[in-house]
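Naming convention: chains lettered A, B, ... in sequence-line order (proteins, then strands); numbering from 1 in each chain.
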There are 2 protein chains.
Amino acid sequence: MSEPAVAPGRPRGGRRDEILATFTRHVAERGYDRANFGDVAAELGMSKGTIVHHFGTKDRMLAEVQERYMRRRLDEAHGFLARLAAPAERIAAFVHAGVRYSVDEPATTVAFQREVVRLTDEPGMETARAQRDAYRDLVVAVLHDGEAAGVFVPGDARLRSLQMFGSLHWMWTWFDPRGRRSAADVAAEFCRTLLRGLGVDEPTLAAAADPDGPVARCVAEVCAPRS
Amino acid sequence: MSEPAVAPGRPRGGRRDEILATFTRHVAERGYDRANFGDVAAELGMSKGTIVHHFGTKDRMLAEVQERYMRRRLDEAHGFLARLAAPAERIAAFVHAGVRYSVDEPATTVAFQREVVRLTDEPGMETARAQRDAYRDLVVAVLHDGEAAGVFVPGDARLRSLQMFGSLHWMWTWFDPRGRRSAADVAAEFCRTLLRGLGVDEPTLAAAADPDGPVARCVAEVCAPRS
DNA sequence: GTGGACTGACCGCACGTACGGGCAGAGTAG
DNA sequence: CTACTCTGCCCGTACGTGCGGTCAGTCCAC
């Protein structure tokens with residue numbers, strides 16, 4: 001490798017992050033089962049053994065991808081929940097954030113969404129699963145709050161959260177950041193239909209869905225410093 | 001095998017359907033990549049060679065699963081579209097039907113939804129992809145009709161169809177037919193939120209979402225003769 | 001005889017990963 | 001400064017296994 005500046009004397013890491021990023025991209029493009037050490041190593045000009053050295057097993061590698069992803073999502077969610085109080089705005093923020101991720105970190109997002117199913121049963125995924133559940137519970141709580149406040153019409157909050165996550169998690173199968181529909185378009189349309197479906201009045205939902213509105217701007221600020 | 005009645009002298013097929021059903025179940029449980037001929041053959045008490053004899057390759061087997069599934073869905077869709085005229089009822093029918101399938105044919109549905117992504121690029125999937133596109137176009141057309149008729153508020157029909165399919169296609173990751181929430185509950189909640197989000201008035205959407213209402217009954221009749 | 005259903009042994013390959021060793025920098029004693 | 005050692009990153013290879021697919025041949029119905 002013609003990598004001159006590997007920051008000599010680097011305590012931890014080295015090419016670790018590089019490996020994880022490439023692996024993530026391969027998982028996004030082919031799925032976990034078809035992603036393999038050989039291709040990742042070849043692309044990085046290193047040996048398969050190096051990858052094993054850093055991560056041990058393929059399972060653990062995926063687990064680390066999932067955990068890092070969910071940690072960022074959780075941090076970000078706490079960030080905009082702290083700045084937005086109204087339930088309608090909070091739900092809109094979750095939608096804007098969910099769509100944003102497909103653009104900000106397409107590989108990680110697709111990798112996560114393709115392989116979410118492994119969170120349910122696979123061993124070694126307990127942490128990531130707990131994070132995912134925590135995230136969903138944040139949404140459910142907001143739905144309950146909105147219902148209690150009379151902003152949302154009564155309904156099954158859990159089912160509604162699953163309906164919402166379904167729309168967002170399915171995006172990886174069709175969304176193209178360079179396609180005709182921009183992320184802002186998608187977020188706005190999803191917000192409008194969802195919030196209207198929850199019983200939010202038109203002026204409120206129009207403001208919350210607006211790609212240039214306060215909610216979208218708040219989410220952009222929170223998500224901007226991509227860690 | 002203690003299978004006495006294999007209908008001796010069966011012209012075509014023989015154990016063909018049986019093989020396809022078992023393969024489908026394995027794909028549903030483990031995903032396409034982890035499903036293999038050996039396990040299917042062992043479960044059916046036959047040789048791997050028999051499976052190859054009937055289907056040639058694994059790819060073609062999956063393609064056949066997808067095509068059969070989509071054919072049934074298309075037939076069924078044309079069935080209820082012929083009996084229901086109002087756009088709101090038609091959309092509700094698509095939702096009821098989508099949820100029903102997770103109960104009527106859980107294995108095939110999960111297998112299809114897990115592996116839909118292969119429809120987009122994989123060669124040999126042209127037929128299934130065309131069927132999938134045709135199905136989506138049916139929904140988009142209904143959304144346009146409803147918009148033109150003033151029943152739905154204006155919006156991006158394509159995006160709305162994707163939002164709707166996302167909710168339904170994601171079900172395989174969480175829905176349990178024997179769980180606390182029945183398919184009827186899910187369909188009703190999804191219908192209400194979606195139709196309200198499209199701007200349908202409360203009495204109309206309540207009737208269309210009702211698990212015992214005319215729309216759900218119509219869908220049940222059309223889907224009943226499971227081919 | 002003819003043709004389709006089915007068998008079971010076998011092939012080749014791809015992939016995860018175990019293992020032994022090389023090498024460069026940091027710390028330390030002299 | 002030098003020499004030695006320790007440590008962590010990295011390499012290359014080799015191994016075991018699992019799996020898709022091939023093939024020659026048997027059995028059986030017509």
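Close to D:dC10, at under 4.0 Å from its OP1 or OP2, lies a side-chain N or O of A:H54. The side chain of B:S47 contributes no N or O atom lying less than 4.0 Å from OP1 or OP2 of C:dG8. Checking the phosphate oxygens (OP1, OP2) of D:dC10, no side-chain nitrogen or oxygen of A:H53 falls inside 4.0 Å.
In the set C:dC6, D:dC11, D:dC10, the nucleotide with an atom closest to the side chain of B:T50 is C:dC6. If you check D:dC10, D:dC11, C:dA5 against the side chain of A:R15, the one that comes closest is D:dC10.
The side-chain hydrogen bond (donor to acceptor under 3.5 Å, both in side chains) search around A:D185 returns A:S182, not counting sequence neighbours. Contacts of A:R160 classified as salt bridge (charged side-chain N to carboxylate O under 4.0 Å, His left out), with partners at least two apart in sequence or in another chain: B:E189. In this structure, the ring-ring contact (aromatic ring centres under 6.0 Å, His included) partners of A:H169, at least two apart in sequence or on a different chain, are A:F165, B:W170.
If you take CG of B:D17 and P of C:dA5, they are 13 Å apart, rounded to a whole angstrom. Residue A:L62 contributes atom CG, which lies 15 Å from atom C1' of C:dG16 at whole-angstrom precision. Summarising the geometry, the separation between CD1 on A:I19 and P on D:dC11 is reported as 9 Å, rounded to the nearest angstrom. Across the protein-nucleic acid pair, B:F55 atom CZ and C:dC6 atom P stand 11 Å apart, rounded to whole Å. If you take CZ of A:F23 and P of C:dC15, they are 13 Å apart, rounded to a whole angstrom.
Counting only residues at least two apart or in different chains, ring-ring contact (aromatic ring centres under 6.0 Å, His included) contacts with residues 94-116 of chain B comprise B:Y69-B:Y101, B:Y69-B:F112, B:F80-B:F94, B:F94-B:Y135. Pairs passing the salt bridge (Lys or Arg N to Asp or Glu O under 4.0 Å) check and including a residue from residues 162-178 of chain A, sequence neighbours excluded, read A:D176-A:R178.
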Can you check each nucleotide of nucleotides 19-26 of chain D against protein heavy atoms at under 4.0 Å and return B for base, S for sugar-phosphate only, - for none, in 5' to 3' order? SBBB----

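Of all non-hydrogen atoms in A:R136 and A:S161, the two that sit nearest each other are CG-OG, 4.0 Å.
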